[in-house]
A.B. asks: 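The structure's right below; bear with me while I get my questions together.
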Amino acid sequence: VTGLFRRVRPEQVRELTLVFILVAVAAFFSTQIPNYLSARTFTDISTGLEVIAVVAVGETLVVLTRNIDLSVGSVVGLVAYFVGTLLANNPALPAPLVVAVAIALGGGLGAVNGAIVAFGRVPAVVATLGTLAIYRVALVELSGAKTVTTDSLPKWLLDLPRASLFSLGDLDVRTLVVLAALVVVVFQLFLQYLPYGRRLFAIGSNPEAARVAGLPIQRDVFVAFLLSGALSGLAGFLFLVRFGNITVVAGQGLELQAVAAVVVGGVNIFGGSGSMVGAFLGAALINLLQQSLLRWPVVSAFLQDAILGVLILLAVASDKVILERLRTRWVRARRRDDERAAATAAEQASPGA
Amino acid sequence: VTTLAVPGYLGPQNQINLLELSVEKAIVALGLAFVIVSGEIDLSIASVMGLAAVLVAWLGQRGVPFEVGIVAALLAGAFCGLFNGYWVAIVGLPSLAVTLAGLIAYRGLALLLVEDRSIGGFPEWFNRLGQQPLVGPFPLALVILATFLVVATVLLQFSGFGRYVYVVGSNREVARFSGVRVTRVKLAVFAISGVVSAFAGVLLAARLGAVRGSTAEGFELDIVTMVLLGGVSIFGGSGSMAGVILSILVILNLRNGLALANATGNTQAGVIGALLILSVLVPNLVGAARSRRRRGRPTAAAAGQSPQVAE
């Protein structure tokens, strides 16, 4: 057991547990709901993940630095509306340009958050609670209470949600789902291997030590917010593609879902630990539960929010109680290994001396 | 500005009217101030308000006397507060995450009770409590707000318990070593916040005359703003009731002034959001500029400090 224990990091234990719970939940509902394990369920759940997975990746970047971004829902709504209007007025715009505009606008809004938090030293809860309201107002003012409707959008956009990249038997894997998964994987690698990614962990786990070590904290936190905004911008584009009709309440409440996904996915709300894969699995679990409860006749569909609340609480509590213990044991085991290796090295060196 | 733009603005009747329209939020702000001074946050307040409002109506619809329903709602509020407090104070989880879960779960319970219906048809005396003047021109809710104001000020500023709340908020470790029962203080502030929110929820039900699952949804932005704008630090340990009261008046007047000047409800929310950010940003920038002038150049300490969320 200890050998296995040494090879699996605490974060991976968390991810494996989530995979196990996902399978268990799906298995449970498959005994309850007729035709549950079907291609339709897979499509429902995977497409339901597109927007929230991308938002959760951005939220993770920010939460890792011991901050929080509550404005993501408003950014998604504002970008979706802006891009929708842009397309309705200029239907000939090429798709890559439209996506670039969405990402740039989101990045701009994120940069405002980042500047207020990193350079203005306003606590992130306060700053992004404020911009949550401000960006929503910008949307209301911009729209004049008009909505973007499906029939004003170009055909390529309307066809996009049903486009499949490939099929596995009955299962259609939609292009946008692949795009969202790609974002998760790219940012996971980026967290693991880029110096910037490693610095985010350092800043979040001990800001004081990071400062003493001379890390560019302000710049890094600013960039984390900028990236979170840019990803929300991309999610805004996905939101437009998915729903077509954009009203002034578009994306409202997404910030709660994103924070919930991140927390359930094992990202520590106090920063310093977590992974993109975890956040993605958290989003998947929440989405699976929500969609399955809707189809489960035994309990009222209105129970889903109460369950979601309890789930978040359990996730945070298990993180505190179980993972903390695992982490200390893991560090201790590693240290013992290091000491043993050092002792062997010293022994080998001494006869020669 | 609003005084100049709209005639009759500062008249007592207008001030009473506009207080009436947000009196529930003001009451909850008083309770939330205790939580924030103790260094925590409670995001579940608006959901507790909604749950209490729905519970009273739901029990009333089932033939339970309204007096009993009100007591049940207050107990539910206390339970929600203690539930939050249990996870924060005893298990040691971050209050941001716990009360976020509370925000979702308590709203979920309210939705479970009424689903997508609306419940109205309250007894006459209950509606009258919320809608008609009780003492002179003041309706019950305003009388209660005034009473709560006095009680909250005395409790936070002039009682032993209040001192403990400040000590816990400014330094938990020091508080523990000086013999303050940190766990108990934290449980108490969350219980206060829960009961006060439930109370405000019942008042809201009486004033509106009907409730839905979404009653009081999104109120937390206004309420948190009221407390923070009043100079209560989100990191805990500092702030005063007088500041909260002043900021309540500022926000209500601002909203009312904007409404009279024909701004939409959303624009008002935006202005309040901007105010919230500026209330922290401006002192920070002024402080940074002052220390820069004093030392003659930008200092490493001022430039390198890390932003953090409140614990």
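The chains referred to below are lettered A, B, ... by the order of the sequence lines, with proteins before strands, and numbering in each begins at 1. Predicted model only: the values in this text are computed from it and were never measured.
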A.B. asks: Residue by residue, which of residues 274-283 of chain B have a heavy atom closer than 4.5 Å to a heavy atom belonging to chain A?
C.D. replies: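 Heavy-atom contacts from residues 274-283 of chain B to chain A are B/Ala274, B/Leu276, B/Ile277, B/Val280, B/Leu281.
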A.B. asks: How many angstroms lie between CG in A/Leu313 and CG in B/Leu93, if you round to the nearest 0.5 Å?
C.D. replies: 6.5 Å
A.B. asks: For the CG atom of A/Leu256 and the CG atom of B/Leu100, what is their distance to the nearest 0.5 Å?
C.D. replies: 5.5 Å
A.B. asks: Which heavy atom in A/Ile269 sits nearest to a heavy atom in B/Pro94, and how many Å separate them?
C.D. replies: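 The answer is CG2-CG, 3.1 Å.
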A.B. asks: Looking only at non-hydrogen atoms, find the nearest pair between B/Gly108 and A/Asp305 and report the distance.
C.D. replies: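 Looking at all heavy atoms of both residues, the shortest contact is CA-CB, 3.5 Å.
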A.B. asks: Looking only at heavy atoms, which two atoms of B/Ala101 and A/Gly309 are closest? And how far apart?
C.D. replies: CB-O, 3.3 Å
A.B. asks: Using side-chain hydrogen bond (donor to acceptor under 3.5 Å, both in side chains) as the criterion, list what pairs up with A/Arg14, not counting sequence neighbours.
C.D. replies: A/Asp319
A.B. asks: Taking all atoms of both residues into account, what is the closest heavy-atom pair of A/Ala133 and B/Gly273, and its distance?
C.D. replies: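 Nearest pair, atom of A/Ala133 first, then B/Gly273: CB-CA, 4.4 Å.
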A.B. asks: Non-hydrogen contacts under 4.5 angstrom with chain A: give the residues of residues 78-90 of chain B involved, or none if there are none.
C.D. replies: B/Phe83, B/Trp87
A.B. asks: What closest approach, in Å, do A/Ile312 and B/Ala97 show between heavy atoms, and which atom pair accounts for it?
C.D. replies: CG2-O, 4.3 Å
A.B. asks: Let me know if A/Thr128 has heavy atoms under 4.5 Å from chain B in its side chain, its backbone, both or neither.
C.D. replies: neither
A.B. asks: Looking at B/Ile234 and A/Pro123, what are the two nearest heavy atoms and their distance?
C.D. replies: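 The pair with the smallest heavy-atom distance is CG2-CG, 3.4 Å.
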A.B. asks: Can you pull out the residues in residues 45-56 of chain B with any heavy atom less than 4.5 Å from chain A?
C.D. replies: none
